[in-house]
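Each remark here refers to the structure printed beneath this line.
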Amino acid sequence: MAEIRIENLRKEFGAFSAVEDSSFVVRDGEFLALLGPSGCGKTTTLRMIAGLELPTSGKIFLGGEDVTFNRARERDIAFVFQLFALYPHMNVRKNIAFPLLAQGVAKAEIRARVEETAKLLQIDHILDRSVSGLAGGDRQRVALGRAIVRRPKCFLMDEPLGTLDAEFRDLMVRELRELHNRIRATTVYVTHDQLEAMAMADKIAVMNHGIIEQFGTPQEIYNRPATMYVADFIGSPPMNFLRFTAGLQKGARSVVVDGVDISVPEVHLDLAESELALGVRPEDISFSDVSPLRGAVFGSEYHGTNQIVAVEMGKGLVKARVPADQNFHIGETVGLELNYDRLSLFDCKSGRAVPSSRYAEHHHG
Amino acid sequence: MSSINTAHSVVEPSRTSKRIAATIVIAYAVITMIPLAWIVLTSFKSPPDSISYPPKIVFQPTLEGYCNLFTTRTRQTSDYIASLGAPTSTCDEITRSRNMVIAGPSNYWPRFQNSLVIAFGSTFLAVSLGTLAAYGFSRFKVPLAEDLLFFILSTRMMPPIAVAIPIYLMYRQLGLSDTALGMILLYTAVNVSLAVWLLKGFIDEIPREYEEAAMIDGYTRMQAFFKVVLPQATTGIAATAIFCLIFAWNEYAFAVLLTSGAAQTAPPFIPTIIGEGGQDWPAVAAGTTIFVVPILVFTILLRKQLLRGITFGAVRK
Ligand SMILES: Nc1ncnc2c1ncn2[C@@H]1O[C@H](COP(=O)(O)OP(=O)(O)OP(=O)(O)O)[C@@H](O)[C@H]1O
Ligand SMILES: [Mg+2]
């Protein structure tokens, strides 16, 4: 097992920049989810760590050793591909044993380790089957088996659940996390599904257009999104933005939106007059008749224990998550109460969060 | 369910259209088989039967054609033949009934062996080189790859006879005329372009992830190629091998020009049989029949791959 450290990693394909200046550290035994929309450079980052792609610039360290220019086979990494890449001309047992053969492990030991791995993944009953007839979940497990049988320094997984159907994904998400808890291998897991990332990861790196927008625990990412992009990408429905134009002084504890004074966490920076956005999660909104922040109910979506109510605020819809037992009529005017100490402020131009007491609380690099 | 009374399924072709399709396919097969069948029939006829008009469909089968194919014979007086002891073989008997005796083996068998060596040798070389080249073109950034591929293909655009004279002169200079090595090199050169193109298509369809997985798992690219890519390319390799073999086996123009003795292949030899003692059509037909056998066996052995090969892209999943 080992720590993965990447420093200022960049990758260009011709004039196109797929990964820009990425740096992060995955500590020994940690599970990192690399999260982002399609085409943002997740796979490219993973392939550089694996040694399948040479970075344009930057450095990669595995367990403290600079492996930037090492070949893939010298890195002692396991990779689970999105389409599993099981060898169709070999049966399950041979597929799992394949990496051990390369290392020249003795026959008896190969047998023992393959069987031990198969037991761990509960595929010992299909060891002698051909891989071409396997169901998605079993293929997934065989691919995992081929990765863990080697006991590599770390695991890289590229959307390994991407091709499974929804029901099965939930099961595999749990299984994967349990597996991780048991073997504690440093893991980088690529996904575009925020729920998967939230459910499994110790740390999440949110990527967009080749840039890592934020790196942190799932709680940090959710509660203190560093950019408007992250705030919008995470959460469903995503964070609401109330846009306004104002200048702010260091120490300010309220902002004025549409003529209404709203309390916010203490601002830690002087800001010249500029376009700002107040970010509020749907669950941090409640309805109150006395609140001066008013809007008209546009519609609601019933979710069992709660409901998502959309309110037209004049500048766009704001979505609130409230208990399911409240009744609203479409068009009805309601007052919105915001949970002031959970609000974020963003500079619309840069898209970055404005430093405030909320962001300072648990902040670390 | 039973209340729905459909005359035909929506996805399955109806029986009528199946029948029509079957009729067309069978008719086509019969038409293409007739010449071949006629050759096989002729090979079992006696020389008079083979040229009788109207052609005989029912006749007394004889092995005379095959005897004549494998032997050379001399005409003798009946006195001399009568003075010989009892015939030692069927062929001996047939030959004597025509007032001839067997003088020795003909050149057919050596020519046939030449064909085997040259066709299989050049196919093996062309497919091996083609696989490596196709892999390179498929997986690496080859400078001017497009132009090179076009150039490789363009060697197939002119008729072989257009380059025959320069090659003839070149081969004479190099001492490659009428050698098996020369013919193997020549057929390899012609076939390698076809092999590269066909195989590149197949290898392009094998996901890179397979080799990448192997390389991450500790194998070199060469090992990954042999252990992972090659086994998955067998369909393509088999199909390509058949196409190359058929070309090399049947090639006539270069063979006539460049071989005359030691390295002569069967195709230029077979027509010469006809001159040896009258119009011996059964012997020619016998030579042709035997000549078809290896390619037939090879094709039947690999017919699954060949079928998939022709329709490649469509059925691979
Ligand atoms: N070999 C390549 N040559 C040129 N462009 C490439 C190459 N590989 C990737 N790209 C481009 O780089 C960008 C990032 O690709 P990447 O595969 O890393 O995205 P991703 O985040 O994994 O997306 P997805 O979720 O669709 O898998 C894409 O726009 C892609 O088109
Ligand atoms: Mg990807």
Side-chain angles (χ1 to χ4, degrees), chain A residues 13-14 43 46-54 62 67 70-91 94-105 131-133 142-160, chain B residues 127 131 134-136 138-146 199 201-241 301-302 304-305 307-309 311-317:
Chain A
F13 293 110
T43 299
L46 209 60
R47 289 172 59 87
M48 287 193 284
I49 300 175
L52 295 174
E53 210 89 64
L54 213 55
L62 286 180
V67 297
N70 287 14
R71 290 172 191 280
R73 79 182 128 92
E74 294 159 351
R75 296 192 186 193
D76 193 16
I77 274 178
F79 200 116
V80 179
F81 289 87
Q82 176 159 16
L83 296 169
F84 311 149
L86 301 181
Y87 309 122
H89 57 289
M90 301 179 191
N91 65 14
K94 286 194 178 133
N95 262 282
I96 297 178
F98 194 65
L100 297 180
L101 283 171
Q103 300 176 340
V105 178
V131 294
S132 45
V142 176
L144 280 174
R146 205 170 62 190
I148 59 183
V149 76
R150 261 178 54 202
R151 302 172 190 156
K153 282 198 185 130
C154 53
F155 290 119
L156 307 178
M157 308 191 192
D158 192 359
E159 308 211 23
Chain B
V127 172
T131 310
Y135 181 75
S138 172
R139 295 300 198 252
F140 300 109
K141 274 197 196 119
V142 180
L144 300 176
E146 302 272 299
L199 285 164
F202 282 106
I203 292 176
D204 279 344
E205 291 206 359
I206 301 172
R208 281 162 185 266
E209 277 83 358
Y210 287 119
E211 299 132 77
E212 290 177 344
M215 287 193 282
I216 287 176
D217 285 344
Y219 292 91
T220 63
R221 184 175 280 279
M222 209 56 170
Q223 288 171 322
F225 174 76
F226 282 109
K227 283 177 200 275
V228 177
V229 180
L230 224 46
Q232 295 193 64
T234 45
T235 302
I237 290 173
T240 309
L301 285 180
L302 297 180
K304 245 196 220 151
Q305 281 83 350
L307 259 184
R308 270 203 273 165
T311 54
F312 75 101
V315 286
R316 279 187 61 111
K317 59 162 195 170

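Below, chain A is the first sequence line, B the second, and so on; all start at residue 1. Just so it is clear, the model here is predicted, and its values are computed rather than measured.
For chain B, the nearby parts of A:Tyr87 are the backbone and the side chain; heavy atoms of each come within less than 4.5 Å. Proximity to chain B (any heavy atom under 4.5 Å) is restricted, for A:Arg150, to the side chain, taken from C-beta onward. Using a 4.5 Å cut-off between heavy atoms, A:Leu86 touches chain B through its backbone atoms (N, CA, C, O) alone. Only the side chain of A:Arg47 comes within less than 4.5 Å of a heavy atom of chain B; its backbone N, CA, C and O stay farther away.
Note: B:Ile216 leads B:Ile216, B:Thr234, B:Thr220, B:Val228 in heavy-atom pairs under 4.5 Å with chain A. For the set B:Gln223, B:Glu212, B:Met215, the count of heavy-atom pairs under 4.5 angstrom toward chain A peaks at B:Glu212.
With values rounded to the nearest 0.5 angstrom, A:His89 atom NE2 is found 9.5 Å from B:Lys227 atom NZ. Between atom CG of residue B:Asp217 and atom CG of residue A:Asp76 there is a gap of 10.5 Å, rounded to the nearest 0.5 Å.
B:Tyr219 and A:Phe98 make their closest contact through OH-O, 2.5 Å (heavy atoms, listed as atom of the first residue, atom of the second, distance).
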